[in-house]
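Notes to accompany the following structure.
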Number of protein chains: 2
Amino acid sequence: MKQSESKSERRVATNMAACTCANLRKAARVITQRYEAALQPTGLKATQFTVLVTLAKCGDLPLTHLAEALVLDRTTLTRNLKPLIGQGLVTIGNERDQRVRRIKLTAKGSKAFKDALPRWEEVQLQVVAGLGHKRWSGFLDDLAATIAEARST
Amino acid sequence: MKQSESKSERRVATNMAACTCANLRKAARVITQRYEAALQPTGLKATQFTVLVTLAKCGDLPLTHLAEALVLDRTTLTRNLKPLIGQGLVTIGNERDQRVRRIKLTAKGSKAFKDALPRWEEVQLQVVAGLGHKRWSGFLDDLAATIAEARST
DNA sequence: TCAAATAACGTGCATATGCACGTACATGAA
DNA sequence: TTCATGTACGTGCATATGCACGTTATTTGA
């Protein structure tokens with residue numbers, strides 16, 4: 001097992017150009033622009049598409065549960081939903097427990113999702129091909145590990 | 001050389017839970033929270049720290065050049081600088097060419113950067129250790145490749 | 001020299017992000 | 001039943017992000 005890092009490893013890791021946060025944010029910015037360019041004809045932003053995907057997969061969810069599924073702050077989701085509600089892609093239903101706001105995909109939302117799907121698939125395949133499938137696959141694993149690590153600590 | 005992907009590869013890549021954009025954004029969110037928690041005593045946000053780092057490394061830069069170095073939209077940078085200017089960490093100087101706004105690190109900004117550095121280093125080393133240095137190193141390469149790919153296309 | 005093209009900016013608009021704080025509702029124990 | 005606690009939310013504030021559009025200053029070509 002590795003107990004400690006070498007001096008050269010430490011030097012690499014603390015080179016400020018190697019800032020994990022800055023590089024992740026940078027990559028998120030440029031990739032978001034690519035996906036939004038692809039989704040532009042659908043009128044959906046990348047974040048909005050992700051919300052629709054999650055609802056299509058999981059079905060109706062209380063706001064807080066949806067936020068957890070998206071690894072997104074609850075209050076951020078509240079605001080992100082506003083344009084989707086305004087466009088009639090999503091509605092909010094009530095529960096027996098009146099505190100709970102259950103988020104539902106409307107028929108219009110389901111259609112918007114299905115219409116956007118081929119555009120998403122196209123850009124996704126381009127990005128995967130850009131890295132090569134094997135490398136991309138490892139990259140995705142690393143993203144998942146990073147998310148899990150950051151959340152647990 | 002790989003000319004095409006297998007059907008199974010395509011199936012993996014177009015699984016919507018594998019959305020490169022959504023996963024990148026998710027990772028950027030959680031990692032940003034980690035870095036901002038570490039930087040919290042300094043009063044700097046992650047983005048602001050990155051601006052100071054870049055200025056400390058590159059020296060004074062015209063706004064547009066700084067934005068290019070950060071891979072950030074020029075108009076976004078204009079606004080991101082406002083709190084830094086307000087706190088006196090950064091100033092804007094003039095050029096012969098009066099269109100150019102040259103962004104400079106002040107002495108106070110330089111001190112703020114140096115004060116924040118050990119906190120950044122600590123969280124950076126934690127994150128690197130979380131993935132393991134070797135895996136983290138490959139992850140960073142993948143981020144760089146993703147950025148380069150997305151920008152070129 | 002002077003008008004057209006270009007370059008470097010800022011602003012309005014819309015969305016994204018999360019923390020601190022406050023509110024309404026539900027639940028369990030006295 | 002009632003009240004203390006906990007749960008599900010929303011809002012105010014500050015920052016982050018980028019596109020469309022407009023402004024000012026410089027450069028370039030006739």
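Just so it is clear, the structure is predicted and the values come from calculations on it, not from any experiment. Both backbone and side-chain heavy atoms feed into the values below; hydrogens, waters and symmetry mates do not. Here is the naming used below: chain letters follow the sequence lines, and residue numbers restart at 1 for every chain.
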Return yes if some donor-acceptor pair links the side-chain N/O of [X] with the main-chain N/O of [Y] below 3.5 Å, else return no.
X: A:Thr146; Y: A:Asp142; answer: yes
X: B:Lys111; Y: B:Leu89; answer: no
X: B:Thr153; Y: B:Ala150; answer: no
X: B:Asn23; Y: B:Ala17; answer: yes
X: B:Thr32; Y: B:Ala28; answer: yes

With rounding to the nearest 0.5 Å, note down the distance linking [atom1] in [X] to [atom2] in [Y].
X: A:Met16; Y: B:Glu121; atom1: CE; atom2: CD; value: 10.0 Å
X: B:Arg11; Y: B:Glu9; atom1: CZ; atom2: CD; value: 11.0 Å
X: A:Leu70; Y: A:Asn80; atom1: CG; atom2: CG; value: 9.0 Å
X: A:Arg102; Y: A:Leu66; atom1: CZ; atom2: CG; value: 11.0 Å
X: B:Gln87; Y: B:Lys82; atom1: CD; atom2: NZ; value: 14.5 Å

Return the polar atom pairs (N/O with N/O) between nucleotides 22-29 of chain D and the protein under 3.5 Å, or none.
{"unit_1": "D:dT26", "atom_1": "OP1", "unit_2": "B:Gln98", "atom_2": "N", "d": "3.3"}

Atom-to-atom span, [atom1] of [X] to [atom2] of [N] - whole angstrom:
X: B:Leu77; N: D:dA16; atom1: CG; atom2: C1'; answer: 11 Å
X: B:Leu66; N: D:dT17; atom1: CG; atom2: C1'; answer: 15 Å
X: B:Glu95; N: C:dA7; atom1: CD; atom2: C1'; answer: 14 Å
X: A:Leu63; N: C:dC25; atom1: CG; atom2: P; answer: 17 Å
X: A:Asn94; N: C:dA26; atom1: CG; atom2: C1'; answer: 15 Å

Could you please name the option among D:dG18, D:dA8, C:dG18 that lies closest to any side-chain atom of A:Leu72?
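Nucleotide nearest to A:Leu72's side chain: C:dG18.
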
Of the nucleotides D:dC19, D:dC9, C:dC19, which has the atom closest to the A:Arg101 side chain?
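Out of D:dC19, D:dC9, C:dC19, the nucleotide with an atom closest to A:Arg101's side chain is D:dC9.
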
Give me the residues of residues 16-32 of chain B where at least one heavy atom lies under 4.0 Å from an atom of DNA chain D, by number, or none.
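Nothing qualifies; none.
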
With the threshold set at under 4.0 Å for non-hydrogen atoms, list the residues of residues 34-41 of chain A touching DNA chain D in residue-number order.
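Residues of residues 34-41 of chain A under 4.0 Å from DNA chain D: none.
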
Does A:Val100 belong to the same Ile/Leu/Val/Met/Phe/Trp/Tyr cluster as A:Ile85, with side-chain heavy atoms less than 4.5 Å apart forming each link?
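In one cluster with A:Val100: A:Ile85, no.
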
Under the side-chain contact (heavy atoms from CB on, under 4.5 Å) test against A:Leu24, which residue among B:Leu143, B:Val30, B:Leu140 passes?
B:Leu143

Residues in residues 145-153 of chain B with a heavy atom under 4.0 Å of DNA chain C, by number, are none

Considering heavy-atom distances to DNA chain D, does A:His65 or B:Asp73 have its closest nucleotide positioned more toward the 5' end?
A:His65

Of all the heavy-atom pairs spanning A:Ala13 and B:Trp136, show the shortest one and how long it is.
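It is CA-CH2, 3.7 Å.
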
Identify all pairs in which a protein N or O lies below 3.5 Å from an N or O of nucleotides 12-15 of chain C, and state each distance.
{"unit_1": "C:dG12", "atom_1": "O6", "unit_2": "B:Arg79", "atom_2": "NH2", "d": "2.2"}

So if I apply the side-chain hydrogen bond (donor to acceptor under 3.5 Å, both in side chains) rule between A:Gln124 and each of B:Thr14, B:Asn15, B:Thr20, which one comes out positive?
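Among B:Thr14, B:Asn15, B:Thr20, the one that satisfies the side-chain hydrogen bond (donor to acceptor under 3.5 Å, both in side chains) with A:Gln124 is B:Thr20.
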
State whether A:Thr78 places a side-chain N or O below 4.0 Å from either non-bridging phosphate oxygen (OP1 or OP2) of D:dG10.
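Looking at the OP1 and OP2 atoms of D:dG10, one of them is under 4.0 Å from a side-chain N or O of A:Thr78.
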
Please output the side-chain donor-acceptor pairs of residues 45-61 of chain A that fall under 3.5 Å, not counting sequence neighbours, one pair per line with the distance.
{"unit_1": "A:Lys45", "atom_1": "NZ", "unit_2": "A:Glu36", "atom_2": "OE1", "d": "3.4"}
{"unit_1": "A:Gln48", "atom_1": "OE1", "unit_2": "A:Lys45", "atom_2": "N", "d": "3.0"}
{"unit_1": "A:Thr50", "atom_1": "OG1", "unit_2": "A:Ala46", "atom_2": "O", "d": "3.0"}
{"unit_1": "A:Thr54", "atom_1": "OG1", "unit_2": "A:Thr50", "atom_2": "O", "d": "2.9"}

Using side chain to side chain contact (heavy atoms under 4.5 Å, CB included), reason through B:Lys104 and B:Val90 one step at a time and then give a plain yes or no.
CA-CA 6 Å; B:Lys104 312 184 182 206; B:Val90 152; over 6 Å; no

